[in-house]
Amino acid sequence: MRRMMLPLWTMILAGLLVSGCATAPVYVAPPLAEGAGAVIYGARSHQPRPPVALIDAIDTLAVPDRHRADDLVVAPGVRVLKVSGSCFRGWLMDIADAELRVTVEAGRRYEIQVAPAEGGMEFRIHDVASGRVVVSQVATVDRTIFKKS
């Protein structure tokens with residue numbers, strides 16, 4: 001009976017790996033002393049239908065869905081952020097994705113904003129304290145969803 005269990009578990013694990021059910025590496029904040037990291041987050045607004053910016057991945061590591069809108073601590077230096085955003089045009093909601101390369105400094109807070117722009121949607125990362133835009137990129141709208149108000 002024990003001999004049969006080993007091949008069974010081997011087949012199950014192999015099946016999971018081949019089918020893509022294996023979990024991808026997930027972003028975990030690095031262990032940094034207080035103030036030694038930078039904080040990055042998506043725009044927050046209290047408008048009825050605000051533009052929304054979410055962080056999908058940091059340096060190719062997926063951000064769990066429940067944390068895509070949270071304050072995320074990252075190590076200082078060059079970071080590559082995969083972000084997604086949405087903006088309303090009347091009853092239509094445009095959605096776009098972008099990959100932003102940004103250099104962040106320890107102890108700073110950075111906000112990702114998204115807005116409609118000619119040719120798609122503009123993603124901007126700005127330093128909250130100084131208001132300075134550190135990265136700006138226009139991305140093509142990937143899809144549009146009908147939302148009834």
Side-chain angles (χ1 to χ4, degrees), residues 6 8-89 91-147:
L6 182 60
L8 180 61
W9 281 109
T10 305
M11 288 188 300
I12 291 171
L13 288 174
L16 288 173
L17 289 172
V18 171
S19 70
C21 292
T23 57
V26 176
Y27 180 78
V28 176
L32 298 168
E34 183 76 26
V39 175
I40 300 177
Y41 60 91
R44 298 179 175 118
S45 174
H46 299 291
Q47 299 173 6
R49 297 185 318 173
V52 175
L54 301 172
I55 303 171
D56 300 323
I58 299 173
D59 297 332
T60 71
L61 298 174
V63 174
D65 285 343
R66 67 184 177 277
H67 296 298
R68 292 173 54 212
D70 294 351
D71 288 3
L72 298 172
V73 177
V74 299
V78 177
R79 300 284 147 245
V80 177
L81 306 176
K82 185 171 185 307
V83 297
S84 57
S86 61
C87 293
F88 280 94
R89 282 185 299 118
W91 288 7
L92 301 175
M93 181 172 62
D94 290 335
I95 300 170
D97 301 309
E99 190 170 282
L100 306 172
R101 185 178 183 88
V102 61
T103 302
V104 297
E105 299 174 23
R108 310 293 287 189
R109 293 180 61 82
Y110 298 89
E111 182 178 62
I112 302 167
Q113 298 177 336
V114 63
E118 188 172 324
M121 292 169 49
E122 181 181 17
F123 289 89
R124 290 183 304 273
I125 299 178
H126 78 274
D127 182 314
V128 174
S130 70
R132 181 176 57 97
V133 173
V134 294
V135 171
S136 178
Q137 177 181 325
V138 174
T140 305
V141 171
D142 296 329
R143 53 204 175 277
T144 299
I145 300 173
F146 176 78
K147 286 282 213 188

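- In this structure, the side chains of Val114 and Cys87 come closer than 4.5 Å at one or more pairs of heavy atoms.
- Shown here for Thr60 and Ala57, the closest heavy-atom pair between the two residues is C-CB, 4.4 Å.
- Applying the 6.0 Å contact sphere to CZ of Arg143 captures more than 12 heavy atoms from other residues, nucleotides or ligands.
- Looking at Asp71 and Arg109, their side chains come closer than 4.5 Å, going by heavy atoms from C-beta outward.
- If you take NE2 on His67 and CG on Leu72, they are separated by 8.5 Å, rounding to the nearest 0.5 Å.
- Residue Leu81 holds its CG atom at 5.0 Å from CD1 of Ile125, rounded to the nearest 0.5 Å.
- Taking the side chain as every heavy atom from C-beta outward, Asp56 and Glu99 never approach each other to under 4.5 Å.
- A distance of 9.5 Å separates CD of Gln137 from CD of Glu122, quoted to the nearest 0.5 Å.
- Residues Glu105 and Tyr110 have side chains in contact (heavy-atom distance under 4.5 Å, counting atoms from C-beta outward).
- Nearest approach of Gly37 to Pro76, heavy atoms of both residues: CA-CD, 4.4 Å.
- Remark: the backbone N or O of Val80 is paired with a side-chain donor or acceptor of Asp59 at under 3.5 angstrom.
- Without hydrogens or angle criteria, Asp127 side chain to Ala129 main chain gives a donor-acceptor distance under 3.5 Å.
- The CG atom of Leu92 sits 10.0 Å away from atom CD1 of Ile145, with the distance rounded to the nearest 0.5 Å.
- No side-chain heavy atom of Pro51 sits less than 4.5 Å from a side-chain heavy atom of Gln113.
- In terms of heavy atoms, Arg124 sits closest to Ala115 at NH1-CB, 4.1 Å.
- Looking at heavy atoms from C-beta onward, Ile58 lies in side-chain contact with Val63 at the 4.5 angstrom threshold.
- Heavy atoms only, all atoms of each residue included: Gly120 and Val141 are closest at CA-CG2, 4.0 Å.
- Scanning for salt bridge (Lys or Arg N to Asp or Glu O under 4.0 Å) contacts around Arg101 gives an empty result, with sequence neighbours left out.
- For the atom pair NZ of Lys82 and CD1 of Ile55, the computed distance is 12.5 Å after rounding to the nearest 0.5 Å.
- The heavy-atom pair separating Phe123 from Ala98 by the smallest distance is CD1-CB, 3.6 Å.
- To the nearest 0.5 Å, the span separating CG on Asp70 from CD1 on Ile40 amounts to 13.5 Å.
- When all heavy atoms of Asp97 and Asp142 are compared, the closest pair comes out as OD2-OD2, 2.7 Å.
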